[in-house]
Number of protein chains: 2
Amino acid sequence: MPATGQSEGRPARSKRADALRNQQTLLTAAAAVFVTSGVNAPIREIAARAGVGMGTIYRHFPTRADLVVAVYRHQVEACAEAGPTLLANADSPLAALRQWVDLFIDFLVTKHGLANAMQSDSSGFDALHTYFLDRLVPVCTQLLDAAVNAGEIRPGMHAHELMRGIGNLCIGHDSDPRYDPRRLVELLLRGLQRPQSS
Amino acid sequence: MPATGQSEGRPARSKRADALRNQQTLLTAAAAVFVTSGVNAPIREIAARAGVGMGTIYRHFPTRADLVVAVYRHQVEACAEAGPTLLANADSPLAALRQWVDLFIDFLVTKHGLANAMQSDSSGFDALHTYFLDRLVPVCTQLLDAAVNAGEIRPGMHAHELMRGIGNLCIGHDSDPRYDPRRLVELLLRGLQRPQSS
DNA sequence: AACGATACGGAGCAATGTTCCGCTTTGTCA
DNA sequence: TGACAAAGCGGAACATTGCTCCGTATCGTT
């Protein structure tokens, strides 16, 4: 047996348009549901949110882990792409940074859930984590630099450090309903601001 | 309101004998089931194994986490107490160490499961983890020292290091049925052995 | 022995996971 | 364009599991 299947140059007749659409819809819907109900949200709920049947989900993502991983990658991508856009449209670099961090926090919910969904397959998880850093650190750096150059925040904070800090603040997100990571992150950012000239 | 309830010096009429018995039975049964089916084993299964009804489990341990934590402490205790006993009864210190490590691995299944069951409450988990180290490192050290003194293994290995290594080998235990941590740990121990005088 | 407190068991209900198959949509080819 | 096969969809139906509730059994005390 030479090589593995799937080769055979054949285009394999690319997927149908509706299937592709559904896949996107599902990723978005799942991401949203994960934020509100955690990564263990009932499949039914995700299906309802996406407006599709459960069978559809199972066809695209046979396993919950599959779905979570897919959402994860999707989110990393979205987060990465959002950076420049926010920077271009926001009132100020700091405002852009704030908005980006907000997206980032949503994303962390998935990320942390992923760690559980993948409990054990640590090698696979590490791979995703590397991808995550490679992709997002530059974006975050760019936002930070812009804010520094605009004189809005003090220099010296590294993106990696900031992201790590935010990530840690978001641990334990669903154990205590009174624990609100966003509030704490807000404090963090405020602490980063350069003292206003009164 | 002075202090919190529960005080009132009263013995509060200690638990009934059968309740105590059942609690022990449950801890043992749950530990066994955790090893074979993981910490997410159906409550029914544990109840059946223990020969009690599900209601009994829920009365003693309202939450799955409660049960896992209880088993965890129970296991730490058992592991700690087993050390000296094994040392006294085994053919050689190294044999004792082997047997102890075997118990330890069983225990790790619970421990790793616990980390998930407690996902989020990291402070509570840290407390248990400290307890775990405080209690077991001395025992492991004693076993190691004995084997070193008997000339069976080479010196220089710290208990903490060994336990950590074994712990890491046991990660990913249930992702791949072909992955057998015990086999790898066995290799580790073999590597620790002092080369036999041929 | 009698009685109140405590604990037990497991049927039953609700929530969720997963499968399966008839129906719909899509893409292709004449 | 019309027809047809393949691909995909939806959601009912079944399977599994969590959790509660209450009649019954057991225990400890008087």
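Chain letters run A, B, ... following the sequence lines, proteins first, then strands; residues in each count from 1.
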**Request:** Indicate, with yes or no, if B:Leu20 and B:Val71 share a hydrophobic cluster defined by side-chain heavy-atom contacts under 4.5 Å among Ile, Leu, Val, Met, Phe, Trp and Tyr.
**Result:**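 No; B:Leu20 is not reachable from B:Val71 via cluster members.
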
Interatomic distance where [atom1] belongs to [X] and [atom2] belongs to [N] [whole Å]:
X: B:Leu26; N: C:dG9; atom1: CG; atom2: P; answer: 9 Å
X: B:Glu45; N: C:dG10; atom1: CD; atom2: C1'; answer: 17 Å
X: A:Asp66; N: C:dT18; atom1: CG; atom2: P; answer: 11 Å
X: A:Arg16; N: C:dT28; atom1: CZ; atom2: P; answer: 11 Å
X: A:Leu20; N: C:dT26; atom1: CG; atom2: P; answer: 13 Å
X: A:Phe61; N: D:dG8; atom1: CZ; atom2: C1'; answer: 14 Å
X: B:Lys15; N: C:dA7; atom1: NZ; atom2: P; answer: 7 Å
X: A:Arg64; N: C:dG17; atom1: CZ; atom2: C1'; answer: 9 Å

**Prompt:** Of B:Ile43 and A:Gln23, whose closest DNA chain D nucleotide lies nearer the 5' terminus?
**Reply:**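 Its nearest nucleotide being more 5', the pick is A:Gln23.
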
**Request:** Select from A:Ala19 and B:Thr63 the residue whose nearest nucleotide in DNA chain D is closer to the 5' end of that strand.
**Result:**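 The residue whose closest nucleotide sits nearer the 5' end is A:Ala19.
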
Distance below 4.0 Å between [X] side-chain N/O and [N] OP1 or OP2:
X: B:Thr56; N: C:dG9; value: yes
X: A:His60; N: D:dC9; value: yes
X: B:Asn22; N: C:dC8; value: yes

Any idea which of [options] is nearest the [X] side chain?
X: B:Met54; options: C:dG9, C:dC8, D:dT20; answer: D:dT20
X: B:Arg44; options: C:dG12, D:dG8, C:dT18; answer: C:dG12
X: B:Asp18; options: C:dG9, D:dG8, D:dC27; answer: D:dC27
X: B:Ala17; options: C:dT25, D:dG28, C:dA7; answer: D:dG28
X: B:Tyr58; options: C:dG17, D:dC19, D:dC9; answer: D:dC19
X: B:Arg21; options: C:dT18, D:dC27, C:dT25; answer: D:dC27

Does a side-chain heavy-atom distance below 4.5 Å link [X] with [Y]?
X: A:Arg64; Y: A:Val68; answer: yes
X: A:Phe61; Y: A:Leu27; answer: yes
X: B:Leu143; Y: B:Pro93; answer: no

**Prompt:** Taking N and O atoms by type only, does the side chain of B:Arg59 place a donor or acceptor under 3.5 Å from a partner on the base of C:dA7?
**Reply:**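 No, no donor-acceptor pair under 3.5 Å.
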
**Prompt:** Which of parallel (below 30°), tilted (30 to 60°) and perpendicular (above 60°) describes A:Tyr72 and A:Phe132?
**Reply:**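 It falls in the tilted class, 30° to 60°.
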
**Request:** Could you go through the salt bridge (Lys or Arg N to Asp or Glu O under 4.0 Å) check for A:Arg190 and A:Glu186 one step at a time?
**Result:** CA-CA 6 Å; A:Arg190 192 171 294 273; A:Glu186 173 55 31; 3.3 Å; yes

**Message:** Go nucleotide by nucleotide along DNA chain C from the 5' end; which of B:Val52 and A:Ala41 gets its closest nucleotide reached first?
**Reply:**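 Residue closer to the 5' terminus by nearest nucleotide: B:Val52.
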
**Asked** Where each residue is assigned the nucleotide of DNA chain C containing its nearest heavy atom, which of A:Pro62 and B:Gly55 is assigned the position nearer the 5′ end?
**Response**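 Going by which nucleotide is closer to the 5' end, it is B:Gly55.
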
